[in-house]
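To keep things clear, I will list the structure first and then write my remarks on it.
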Amino acid sequence: MDYNRLADLLFPAITKTPSDYETAYPPRDLPKGGRVTRLAPSPTGFIHLGNLYGAFVDERLASQSDGVFYLRIEDTDEKRFVEGAVDTVIGSLDFFGITFDEGATKEGDVGEYGPYFQSSRKELYQCFVKKLVEKGLAYPCFLTEEEVAEIRETQEANKETPGIYGKYAPGRDLSLEEIQKRIKENQGYVIRLRSGGNPENPEEISVEDGIRGLLTMPENFQDVVILKASGMPTYHFAHVCDDHLMRTTHVVRGEEWLSSLPIHVELFQVLDFPLPIYCHTAVLMKLDENGNRRKLSKRKDPELSLGFYRERGYHPTAVREYLLTILNSNYEEWRMANPDLPGEDFPFTMEKMSTSGALFDLNKLNDVSKDTLVKIPAPQLAFFLMEWAKIYRPEILPALADCGETLFAILDLGRVGDKPRKDFVCASQIFDFIGYFFDDYFKEEDEPPAETPTEDVKAILTAYLDTYDHGDDQSQWFDKIRTIAQDLGYAAKPKDYKKNPQDYKGHVGHVSTVIRLALVGRSQSPDIWEIQQILGEPKVRQRITDYIKA
RNA sequence: GGCCCUAUGGUCAAGCGGUCAAGACACCGCCCUUUCACGGCGGUAACCCGAGUUCGAUUCUCGGUAGGGUCACCA
């Protein structure tokens, strides 16, 4: 077989050679140790928490080493294209603080190693396929879908490994004439790799994974498709060409790719490209109804979608912090030692990455989020809240805007000092939490305590209203409440009540709970006196009066 | 089913031949306290099973078991 003639027959239009591309995309000029990573999503535009997780690793690796992190769009499957996807991808990543140094953007390609859309690289892939054909390492295969299915059935019946390989690869033995004839008849075909692997007794190959250490698996022996009938490459082939020519040093991807690693290893080999360092991350898991772990699925698990966090109003920094804690086991320790340093200062290492799938833990995210939000100054938090409301709760925007700067005071209630409250988790919850400051959202949620019957409730509030002086300082104010409590038969100090419960109806805590209820509608809140200062005297009197009536 | 990955408390996890097996979240109790929150103190709770190597295995090897992934002209 004259492979050169076959190559020309198959790719008459390809005139460039691999070395042309090698010259066009020379090794990058980077500081020593500079890492080149990439995110390579398909253009469905759907970016989920798992993608974000991986993108963090990419971004950290590149940015910590003064390397390059770029975005490549894997759009070799025409069916997967979604309009505006690139925008969406960049936008959602940007929201969480992930930016690219290079690659696809809404305005087009930025960088010297493009194009960054695989659909624009067709000729390049074909050039390398042609090279393989010339070397007898790839061949056209005319098998129809049905024929492939038949082969598979036979193999399954014989309990053999399914696939096109060895004796099950009729395309391997086609003569040039036969191929010419079929092409003339317009028979569709794909190009397959002529694998050098031994189907009978595959050799072991070993790859050093950046996260998992030494990986051992059987070599590939499948004649995988490298060029589809459309002339587009498959993922496997595009990955190998692109990551080589774009000079990627670290390929970070989910562990679901582990099983196709042997294919990629062989492809790198036959193409004569050096192998990048593969870093296979663990998949994010979730507990299902039966208590089993399972991969988070985008259909069933809303928390996988990045939109979930944005809708609820989780702060991007909080999500970053959470991701960092599950990404590197020593992050929490570092964070405790360095509470005020930006997360970027943390020395991220692949070695500290977990190899087993972490269960997504909303509890933990909430906790991390509380710690994160408590460090954000009120003006910034207010801005964040407004920005969130603009998109997800526009109806509350006027109320928020009316506050002006008192919103800062509201947000800082009990949040200042060395033992700040950590009430805030996410924007939606913040608004619920502070809702009582807004008449339209003030609602009575809790009932008075059992210690205070209705007539006492009225008595307490009437007395409160009578003695109320907005100018009282905190201790004057509370002394008055003590007096009211005592007058009505409640203990002035909870301890007295605990010692002799039979002597009292309850204690001052129960009395102040009634006041709290009238003011904020809930039995739990930050300091009432401070709340009153923000509410202002008219509103305080109004709410107490209303409660007495009701 | 083949191949591969994984296996320490409910969850995330330190550990890398000898530890009373860290820590964080959650949970429970106590303290602080006018409620809650914050904070402090304390508590419940774990090395999947079986061989082997070894004076000694959570740690190394093998075999099970369990969970996960993957077996496309999708990525």
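Remember, predicted model here, so these are calculated numbers, not experimental data. Chain letters run A, B, ... following the sequence lines, proteins first and then strands; every chain starts at 1.
Note on A/S525: a base of the nucleic acid sits closer than 4.0 angstrom, heavy atoms only. If you check every strand for non-hydrogen atoms under 4.0 Å, A/P494 touches sugar and phosphate atoms only. Nucleic acid contact class of A/L365 (heavy atoms, under 4.0 Å, all strands): none.
Atom CD of A/E333 has 12 or fewer neighbouring heavy atoms from other residues, nucleotides or ligands inside a 6.0 Å radius.
Scanning atom types as modelled, one donor and one acceptor separated by under 3.5 angstrom connect the side chain of A/S512 and the base of B/rU34.
Among B/rA24, B/rC4, B/rA75, the nucleotide with an atom closest to any side-chain atom of A/P218 is B/rC4.
If you look at A/H507 and A/H510, their ring centroids are closer than 6.0 Å.
Taking the six-membered ring where tryptophan is involved, the planes of A/H264 and A/H236 are tilted, since the angle between them lies from 30° to 60°.
For the segment residues 186-214 of chain A, residues with any heavy atom less than 4.0 angstrom from an atom of RNA chain B are, sorted by number, A/V190, A/R192, A/R212. Residues from residues 415-426 of chain A lying near RNA chain B, meaning a heavy-atom separation below 4.0 Å, are A/K419, A/P420, A/R421, A/K422, A/D423 in numerical order.
When base pairs are accepted only as Watson-Crick or G-U wobble with both N-N or N-O distances under 3.5 Å, RNA chain B takes part in stems of 3 or more pairs at B:1-7 with B:65-71, B:10-12 with B:23-25, B:27-31 with B:39-43, B:48-52 with B:60-64.
For A/K228, a side-chain nitrogen or oxygen approaches OP1 or OP2 of B/rA75 to under 4.0 Å.
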